[in-house]
Amino acid sequence: MRADTSESRESIRELLGDVRERAARFLESLPERRVNAARGADDLAQALGDALPRRGRPASEVLEQLDKIGSQGTVASAGPRYFGFVTGGAVPASLAANWLAAAWDQNAFSEASSPIGAGVESVALRWVLELLDLPETSGAAFVTGATMANFAALAAARRSVLLAHGWDVDRTGLHGGPEITLVAGEQAHATLFKAFGMLGLGRERAIRVPVDGQGRMRVDALPNIAGPAIVCTQVGDVNTGAFDPVGAICDAAKQEGAWVHVDGAFGLWARASPQLGAPVEGIERADSWATDAHKWLNVPYDSGLAIVRDADALRRAMSLQAAYLPERAGREPFDYTPESSRRARGLEIWAAIASLGRDGLAELVERCCRHAQRFAEGLRGAGCEVLNDVVLNQVLVSFGDDRTTSEVIRRVQRDGTCWCGGTLWGGRTAMRISVSSWATTSDDVERSLAAILNVVRDVARKRG
Ligand SMILES: *Cc1c(COP(=O)(O)O)cnc(C)c1O
């Protein structure tokens with residue numbers, strides 16, 4: 001296919017028209033289709049992959065095959081009744097922006113490669129900082145998700161706490177340098193320890209701080225800190241939704257010169273709501289924050305943000321030099337990110353916030369929390385045991401002994417009305433309900449509750 005003929009221009013128009021129809025059909029099917037996927041990965045791999053094709057086929061054929069086979073392997077996580085992990089859908093403006101961005105195919109690494117890529121990040125960052133009430137001079141990296149956001153923020157932390165003790169880690173690495181005291185809660189997210197590992201700090205070296213019954217770090221149990229130290233807190237426990245007392249931890253740890261980091265993959269967005277008040281207070285006193293736009297802001301995968309109070313610390317940990325690189329004029333994205341070439345994620349964040357506005361995002365967050373309350377109330381009303389204080393968008397529920405709960409989870413997933421995952425909480429098996437999507441309505445909550453309670457009754461009948 002030659003890109004410069006009018007014939008090929010016609011066919012790209014047809015191809016994109018075709019994909020628009022296919023995508024719209026998919027999205028329109030979401031409210032009524034089963035939430036679980038119809039086919040598994042091995043089966044799909046077989047269907048898609050014979051021998052490596054020697055000759056190519058027309059793009060329209062490739063697309064048709066992908067849609068026919070691929071859509072059967074999708075989980076309806078973009079739909080209104082997916083409550084697994086902490087997922088979120090994509091608000092329409094952000095999905096549309098993602099399509100346009102793919103057509104633009106901009107390399108957002110610098111202003112020279114994409115003025116819009118660099119420019120939109122600056123606006124998106126300013127808006128996010130204002131929404132989350134974080135210091136307006138913070139530096140930030142637009143990355144794939146909270147794992148990389150934790151990594152980037154902690155790279156700045158590592159640099160900063162070592163430099164304060166006379167050690168330049170960027171130049172000479174960790175070899176022979178002072179030890180960093182790492183502190184994290186017993187319930188810190190697994191990806192935090194992966195970030196420690198990638199930073200050469202070791203996955204297993206952190207001092208783990210005991211937590212209360214909701215998974216919150218106990219301030220009275222913080223270890224003594226001396227020398228270079230990084231204290232990692234969490235807002236939004238993946239099980240309970242609970243927040244560490246970040247303000248109080250800052251008061252204790254920063255006095256000793258420690259860097260306080262916040263993993264707020266989904267919980268940080270609670271700061272967009274004025275209603276959620278007390279538990280989110282004090283978070284602005286930390287030194288760095290990691291969050292996911294693909295969770296509660298509801299932009300398409302993948303999209304995370306590392307935010308660092310000392311913009312220079314992040315810039316020095318991440319920037320690079322080469323003769324062919326442009327002179328810095330304004331904010332250059334590649335000065336802040338682990339990656340160099342990358343897609344323009346700022347576009348979707350900008351579009352989501354532009355379409356929702358401050359009030360719309362607050363409403364989205366509050367609505368998810370109300371839905372979680374209703375789930376808890378409906379389940380308790382039917383005699384099920386809710387294991388957590390439902391303070392945010394997360395509900396943990398047990399249906400009796402572990403075997404029964406596991407059986408209920410399996411059947412809820414198979415039933416297909418909604419999808420919820422399992423977890424362990426306080427040594428017990430529990431079902432997790434995470435309400436994170438803009439698309440979930442009260443009706444979806446009632447339908448899901450009815451489906452779950454049907455399964456519960458059915459399991460009880462068979463046991464009895
Ligand atoms: C989801 C989550 C992460 C990991 O985020 P990714 O976007 O999957 O990298 C880290 N921490 C917490 C608290 C999370 O909820």
Side-chain angles (χ1 to χ4, degrees), residues 75 77 82-90 94 128 132 140-155 157 184-199 203 206 208-209 211 214-217 230-246 249 260-271 279-280 283 286 288-307 337-339 342-343 345 348-349 352 365 368-369 372 388 391-396 420-421 423 425 432-437:
V75 170
S77 48
Y82 186 77
F83 307 112
F85 308 101
V86 186
T87 297
S94 73
V128 166
L132 303 180
F142 290 68
V143 293
T144 49
T147 305
M148 283 310 287
N150 280 330
F151 171 83
L154 291 170
E186 278 293 350
Q187 285 294 326
H189 199 268
T191 56
L192 186 73
F193 302 96
K194 177 171 169 175
F196 290 160
M198 292 193 288
L199 288 160
R203 288 193 183 207
R208 304 296 293 269
V209 179
V211 295
Q214 297 299 313
R216 289 176 293 237
M217 261 162 90
I230 303 172
V231 177
C232 295
T233 64
Q234 175 168 270
V235 303
D237 179 282
V238 285
N239 286 310
T240 63
F243 285 31
D244 285 341
V246 179
I249 292 169
V260 178
H261 172 68
V262 179
D263 177 357
F266 63 99
L268 202 59
W269 296 102
R271 282 172 69 87
V280 306
I283 290 170
S288 58
W289 305 266
T291 195
D292 267 326
H294 59 221
K295 287 181 179 166
W296 231 349
L297 184 60
N298 279 256
V299 305
Y301 282 92
D302 46 31
S303 188
L305 272 162
I307 302 169
T337 44
E339 308 91 341
R342 64 200 171 83
R343 67 189 196 88
R345 294 188 184 84
E348 298 140 10
I349 295 178
V365 165
C368 289
C369 295
N388 66 319
V391 291
L392 207 67
N393 61 335
Q394 307 291 120
V395 182
L396 287 179
C420 305
T423 190
W425 185 251
R432 283 180 71 245
I433 303 173
S434 172
V435 193
S436 319
S437 176

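Counting starts at 1 for both ligands and their atoms, following the listed order.
- Counting the atoms of ligand 1 from 1 in the order shown, those under 4.0 Å from a heavy atom of F266 are 15 (O).
- Taking every non-hydrogen atom of A146 and a distance limit under 4.0 Å, the qualifying atoms of ligand 1 come out as 3 (C), 4 (C), 5 (O), 6 (P), 7 (O), 9 (O), 10 (C).
- Atoms of ligand 1 lying under 4.0 Å from at least one heavy atom of V238, given by number and element, are 14 (C), 15 (O).
- Ligand 1 lies out of reach of V86, whose nearest heavy atom is not under 4.0 Å from it.
- Less than 4.0 angstrom separates some heavy atom of D263 from each of these atoms of ligand 1: 10 (C), 11 (N), 12 (C), 13 (C).
- Side-chain N/O atoms of T240 and Q394 include no donor and acceptor closer than 3.5 Å.
- Looking at residues two or more places apart in sequence or on another chain, you find a side chain to side chain contact (heavy atoms under 4.5 Å, CB included) between A188 and A184, L192, F193.
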Kindly list each side-chain donor-acceptor pair under 3.5 angstrom involving residues 142-152, sequence neighbours excluded, with atom names and distances?
| residue | atom | partner | partner atom | Å |
| --- | --- | --- | --- | --- |
| N150 | OD1 | H261 | NE2 | 2.8 |
| N150 | ND2 | A146 | O | 3.3 |
| N150 | ND2 | D263 | OD2 | 3.4 |

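- Of all atoms in ligand 1, numbered sequentially from 1 with element shown, those under 4.0 Å from a heavy atom of T191 are 3 (C), 4 (C), 10 (C), 11 (N).
- Shown here is Y301, whose OH atom has more than 12 heavy atoms of other residues, nucleotides or ligands within 6.0 Å.
- Less than 4.0 angstrom separates some heavy atom of G236 from each of these atoms of ligand 1: 13 (C).
- Within the structure, the closest approach of M148 to ligand 1 does not fall below 4.0 Å when heavy atoms are considered.
- Here's the thing with T147: one of its N/O atoms is less than 3.5 angstrom from an N/O atom of ligand 1.
- Listed by number with element, the atoms of ligand 1 under 4.0 Å from a non-hydrogen atom of H294 are 7 (O).
- Annotation: side chain of V211 is not in contact with side chain of Q234 (no heavy-atom distance under 4.5 Å).
- Considering backbone and side-chain atoms together, D292 places an N or O closer than 3.5 Å to an N or O of ligand 1.
- When only interatomic distances are considered, the shortest N/O to N/O separation between T144 and ligand 1 does not fall below 3.5 Å.
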